[in-house]
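Every chain is numbered from 1 and lettered A, B, ... according to where its sequence line falls, protein lines coming before strand lines.
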Amino acid sequence: MAWTKNKIKDGFDKFYQEHGRYPTALEIDEYADLPSSRQIQRRFGGLPKLRQELGLETLDFTKGSIRSQKAQYIGKRGLDFEKEIRKVLLEKFGEVFVHEQKPFNDYVGRLDFFVYAKNNKFGIDVFFASDIHSLMGCINYKQRLYKNFTDGLILLQLNPEIDQRIIDQCLSNKKNALPSNIAVLSLDKFLEFLKTIQPLHVL
DNA sequence: TCAGATGGCCGGCGAGAAAG
DNA sequence: CTTTCTCGCCGGCCATCTGA
């Protein structure tokens, strides 16, 4: 049974009644009374085009005020989590041995943290992924970003709903695997890892 | 039986905020 | 000006379904 525009409109309206707004691509995919967002792209020339034809208010969630609000939220969330991790690292290793915003790759990019410990030094990049697709996107993005980075690097994922099992599943599905110096850890696993690292001390 | 419709996975990219 | 960061969307690709 082919999806018609009217049938999709019914699904959109049903979603609206339940949520007070219309769905994004991911929400369309998860909603039983709607086709896949992929199919909407193929059959109707994309989500913004279909939304326009259905007369919806928000045509594209990646632009305008709706995006602006989301970007602000993302920025604040990132800063708050980074402060928390900063506190944990400083308590354990001390100010002298935790470098923030360390330049690397000829000062092209910057790390969140770089830690000097006993017989060990490693970089940390803190991030928050709202869902599994975002997780994939962030990991791929950072893989490109850090492709010339040779020290050990921890990508620290801070969404508590995404645990290490989900992360490992995601990594095993990756087509081009991460290089061996890069690990992706949940907060739990990261704290476990920190227990195995001895701080440097000034005598 | 088989071509078109559909679902779903994965990678890439641009929008916008924020900070140097 | 430059950069990073995440989200929402698009497109390539392949597997599965469906109906004539």
Side-chain angles (χ1 to χ4, degrees), chain A residues 1-5 7-8 11-12 15 19 21-53 56-83 85-86 99-114 123-149 153-159 161-162 166-178 184:
Chain A
M1 157 210 62
W3 283 97
T4 64
K5 208 182 287 182
K7 214 162 156 40
I8 296 175
F12 270 71
F15 186 98
H19 298 89
R21 59 180 178 79
Y22 289 104
T24 63
L26 178 65
E27 289 165 335
I28 289 171
D29 286 334
E30 291 171 342
Y31 202 62
D33 295 306
L34 287 169
S36 65
S37 63
R38 187 75 189 83
Q39 184 61 5
I40 291 178
Q41 287 174 37
R42 282 185 294 230
R43 282 281 300 278
F44 302 96
L47 281 171
K49 185 152 181 284
L50 178 68
R51 292 187 184 117
Q52 186 174 31
E53 289 174 12
L56 306 190
E57 195 176 340
T58 301
L59 300 183
D60 191 338
F61 284 79
T62 72
K63 294 174 181 163
S65 63
I66 190 97
R67 180 65 200 173
S68 172
Q69 289 169 33
K70 179 66 92 174
Q72 279 182 40
Y73 170 76
I74 290 168
K76 183 175 184 331
R77 184 186 64 190
L79 283 178
D80 290 347
F81 274 113
E82 199 173 311
K83 277 182 206 158
I85 296 304
R86 178 176 185 275
H99 292 212
E100 297 180 64
Q101 306 266 346
K102 182 185 171 66
F104 68 100
N105 293 349
D106 296 319
Y107 295 83
V108 168
R110 284 174 183 271
L111 265 173
D112 291 331
F113 303 104
F114 197 90
I124 302 169
D125 184 304
V126 178
F127 72 108
F128 187 107
S130 65
D131 56 64
I132 294 178
H133 190 84
S134 177
L135 175 67
M136 290 279 237
C138 288
I139 291 174
N140 288 333
Y141 169 72
K142 291 173 191 307
Q143 186 172 11
R144 290 192 296 276
L145 186 66
Y146 294 112
K147 68 174 187 292
N148 296 324
F149 190 74
L153 176 61
I154 294 170
L155 307 181
L156 176 54
Q157 199 295 121
L158 289 176
N159 184 349
E161 292 178 10
I162 298 179
I166 297 174
I167 292 171
D168 291 341
Q169 179 70 44
C170 173
L171 290 178
S172 70
N173 291 338
K174 254 178 76 58
K175 283 184 178 173
N176 33 338
L178 282 177
V184 187

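- Qualifying ring-ring contact (aromatic ring centres under 6.0 Å, His included) partners for A/Phe127, counting only residues two or more places apart in sequence or in other chains: none.
- The separation between A/Leu171 atom CG and B/dC9 atom C1' is 15 Å, rounded to whole Å.
- The side-chain hydrogen bond (donor to acceptor under 3.5 Å, both in side chains) search around A/Arg86 returns A/Glu100, not counting sequence neighbours.
- Projected onto DNA chain C by closest heavy-atom contact, A/Lys49 and A/Ala129 fall at different nucleotides, the more 5' of which corresponds to A/Ala129.
- Remark: A/Lys70 engages no residue in a side-chain hydrogen bond (donor to acceptor under 3.5 Å, both in side chains) (not counting sequence neighbours).
- Counting only residues at least two apart or in different chains, salt bridge (Lys or Arg N to Asp or Glu O under 4.0 Å) contacts with residues 33-44 of chain A comprise A/Lys14-A/Asp33.
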Using the 3.5 Å cut-off, write out each protein N or O paired with an N or O of nucleotides 17-20 of chain B and the distance between them.
| residue | atom | partner | partner atom | Å |
| --- | --- | --- | --- | --- |
| B/dA17 | OP1 | A/Ser68 | OG | 2.6 |

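- Remark: A/Asp168 engages A/Gln164 in a side-chain hydrogen bond (donor to acceptor under 3.5 Å, both in side chains) (not counting sequence neighbours).
- Taking a 4.0 Å limit (strictly below) on heavy-atom distances, residues 31-45 of chain A reaches DNA chain B at A/Pro35, A/Ser36, A/Arg38, A/Gln39, A/Arg42, A/Arg43.
- Checking side-chain atoms of A/Gln157 against main-chain N and O of A/Ile167 turns up no donor-acceptor pair under 3.5 Å.
- Within 4.0 Å (heavy atoms only), A/Tyr141 reaches at least one base atom of the nucleic acid.
- If you check every strand for non-hydrogen atoms under 4.0 Å, A/Asp131 touches nothing.
- Among residues at least two apart or in separate chains, salt bridge (Lys or Arg N to Asp or Glu O under 4.0 Å) pairs with a member in residues 123-137 of chain A are A/Asp125-A/Lys142.
- Looking at heavy-atom distances under 4.0 Å, A/Gly64 makes contact with sugar-phosphate atoms alone, never a base.
- No engagement by A/Asn159 is indicated, since no non-hydrogen atom pair under 4.0 Å with the nucleic acid exists.
- For the OP1/OP2 pair of B/dC10 and a distance below 4.0 Å, the side-chain nitrogens and oxygens of A/Asn173 include at least one atom meeting the criterion.
- Pairs engaging residues 57-77 of chain A under the ring-ring contact (aromatic ring centres under 6.0 Å, His included) rule: none recorded [sequence neighbours left out].
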